2 protein chains.
Amino acid sequence: MTHIASPDRIANLPAALQDIGWTFAYTKDDRVFRKGETVRAVFLVLDGEVCLSRSGKDGGEIVLHRAGRGDFFAEAALNATRYQCDAIASCSTTLLAFPATTVRALLGSDPAFAREWAALLARQLHASRARLERLALRSAADRVLHYLHTEGSGPRREVTLAGSLKDLAREVGLTHESLYRTLAALEKKGLVRREGRHLSLR
Amino acid sequence: MTHIASPDRIANLPAALQDIGWTFAYTKDDRVFRKGETVRAVFLVLDGEVCLSRSGKDGGEIVLHRAGRGDFFAEAALNATRYQCDAIASCSTTLLAFPATTVRALLGSDPAFAREWAALLARQLHASRARLERLALRSAADRVLHYLHTEGSGPRREVTLAGSLKDLAREVGLTHESLYRTLAALEKKGLVRREGRHLSLR
DNA sequence: CGTCGCATTGATATCGCTCAAATCCGGTGG
DNA sequence: CCACCGGATTTGAGCGATATCAATGCGACG
C-alpha cells in the first residue's frame with residue numbers, strides 16, 4: 001500500500017469530501033483492512049477492484065461484496081468500531097480514503113453533507129436492490145433484459161460497457177459463455193442490438 | 001387505504017421519527033403509490049408486505065424490491081420528486097408513513113437524526129449486499145450456508161425463522177422443493193441441524 | 001514472435017426447476 | 001368431537017437451462 005498524493009476533483013463526490021480524501025495504491029492481494037481492525041476510514045474505489053470477504057474458520061471464504069470503480073465501500077463501518085470483514089485488492093487498485101472520525105464529525109456538523117451522504121447511500125441502496133431483483137430472475141435472457149432496462153438510458157435503454165463482457169457476465173450472475181450465447185440469441189430474435197460494447201433494446 | 005391512529009412506539013426507529021408517523025392499513029393489491037406520482041412520504045412496514053415493481057410497456061412486470069415487516073421502503077424517494085416505481089400491498093398490510101418534507105427538513109436540522117438515518121441506510125445497504133452475494137452463489141447448499149453465516153447469530157450461526165420455509169426459499173432464490181431437498185442433504189451430511197423453524201450450523 | 005486474456009462456439013454433464021402426488025397440521029364449522 | 005379444508009411440507013420423476021470443459025481465433029503488448 002502506497003500513499004500517492006492529493007486526488008484530483010471527483011465527480012459526484014459530496015463537496016465536503018473533496019479535500020479530505022487520501023489517495024492510496026494497492027497491488028493484487030494487498031489487504032486494505034482485516035476483520036477486527038479498528039475502523040479508520042471509509043473508501044472510494046478510483047480504479048481497480050476490492051473484494052470484501054468473510055473467511056469462516058472452516059476454510060470457506062465468502063465474498064460479501066465487490067467494489068469496482070466509483071463504488072464506496074465500508075460505509076457501514078461508520079457505525080461500527082471494528083471492520084466486520086476483510087478487504088482485499090483483487091488487482092492493481094487506487095483508493096480514496098476518508099478518515100472515519102472526520103466523516104462522522106461532518107455528519108453531525110454539516111447538514112448539507114449529511115443530506116449528500118444520505119443521498120449517496122440511498123443511490124447505492126437503489127442500485128443494490130436493482131441487482132438483487134436481477135439475480136432473482138431465473139432465465140439468462142431475462143437478466144440481460146433487466147440489466148438493460150435498469151442500467152440503460154433513453155427509450156432504447158442504451159448501455160456502453162465500461163469493461164469487458166466477462167465483467168458484465170459477473171454483474172448479471174452468468175458465466176461468460178452463457179452471456180455470449182444469450183446475447184447472440186437475443187440479437188437473432190431482434191430484441192437486442194449490439195455494436196462492440198454498445199448495447200441497446202429494439 | 002385507511003388511516004388508523006397514531007402508532008405505538010417502534011423499536012429501533014430514530015427518535016425524531018417516533019412521533020411524526022401516520023399509520024395506514026391496506027388490503028391485498030391496494031396501491032401505496034404509483035410511478036410518476038409526487039413523492040409524499042417514505043414508509044415503514046409494520047406488518048404485511050409491499051412489492052415495489054416497475055411495469056414495462058411490453059407487459060412485463062419486474063419486482064424491484066419486496067419490503068416485509070420492519071423494512072423501510074421508498075427511502076431513495078427523498079432525493080427525487082416523483083416515485084420511480086409502483087408500490088402494491090401483496091397482502092393485508094399496515095404501514096407507517098413519514099412525510100417526505102418533514103424527513104428532509106429533519107435531515108438538515110437535526111444532526112442526530114441525520115446520523116441515525118445514515119446508519120439506517122447503511123444497515124439496509126449491508127443487508128442488501130449480503131443478499132446479493134448470496135444470490136451470486138451457484139449451488140443451493142452454498143446459498144443456505146451463506147444465509148446461516150450472514151443472518152445467523154452466535155458461533156453456531158443460529159436462526160429462528162419468522163415465516164415458513166417457503167418464505168426462506170424465496171429469500172435465498174430457490175424453489176421450496178429445492179430448499180427442502182437441500183436442507184435434508186445438509187442435515188444428512190451433518191452440516192446443519194434443524195429443529196422445526198430453528199436452524200443452526202454444526 | 002510468443003504470450004496472455006478476451007471472445008466465441010461446441011459438446012456434455014449436472015443441478016435445480018417443473019409437474020405431480022402424498023402427508024401433515026392448524027383452523028373452522030357443524 | 002369430528003369432518004373438512006387449505007396451506008405447508010415432503011418426496012419422486014424427468015427435463016431443460018445453464019455450468020463446465022474444451023478448442024479456436026483474435027488483438028494487445030512486450
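Chain identifiers are assigned alphabetically (A, B, ...) following the order of the sequence lines, protein sequences preceding nucleic acid strands; residue numbering begins at 1 within each chain. If you're wondering where the values come from, they're calculated on a predicted model, not measured in any experiment.
Ring pair Tyr180(B)/His176(B) is perpendicular by interplanar angle, where above 60° counts as perpendicular and below 30° as parallel. Classification of the Phe73(A)-Phe43(A) ring pair by plane angle, with boundaries at 30° and 60°, yields parallel. Using bins of under 30°, 30° to 60° and over 60° for the plane-to-plane angle, the ring pair Phe72(B)/Trp117(B) lands in the perpendicular bin.
Axis orientation changes by 40° from one end of the helix from dC1(C)-dG30(D) to dG30(C)-dC1(D) to the other, with each end axis drawn from 5 pairs and the value rounded to 10°.
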**Request:** Using a 4.0 Å cut-off on protein heavy atoms (strictly under), produce a 5'-to-3' string for nucleotides 7-18 of chain D with B for base contact, S for backbone-only sugar-phosphate contact, and - for none.
**Result:** -SBBBBB----S

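Electrostatic pairing of Glu171(A) and Arg131(A) counts as a salt bridge here, judged by a charged N lying under 4.0 Å from a carboxylate O. Here Arg134(A) pairs with Glu151(A) in a salt bridge; the nearest charged N to carboxylate O distance falls below 4.0 Å.
Counting heavy atoms from C-beta on, the side chains of Leu186(B) and Arg202(B) never come closer than 4.5 Å. Looking only at side-chain heavy atoms (C-beta outward), Arg66(A) and Val50(A) stay at 4.5 Å or farther from each other.
Tyr26(A) places no side-chain N or O within donor-acceptor distance of the main-chain N or O of Cys91(A), the cut-off being under 3.5 Å.
Remark: P of dC15(C) and CG of Leu137(B) are 15 Å apart, rounded to the nearest angstrom.
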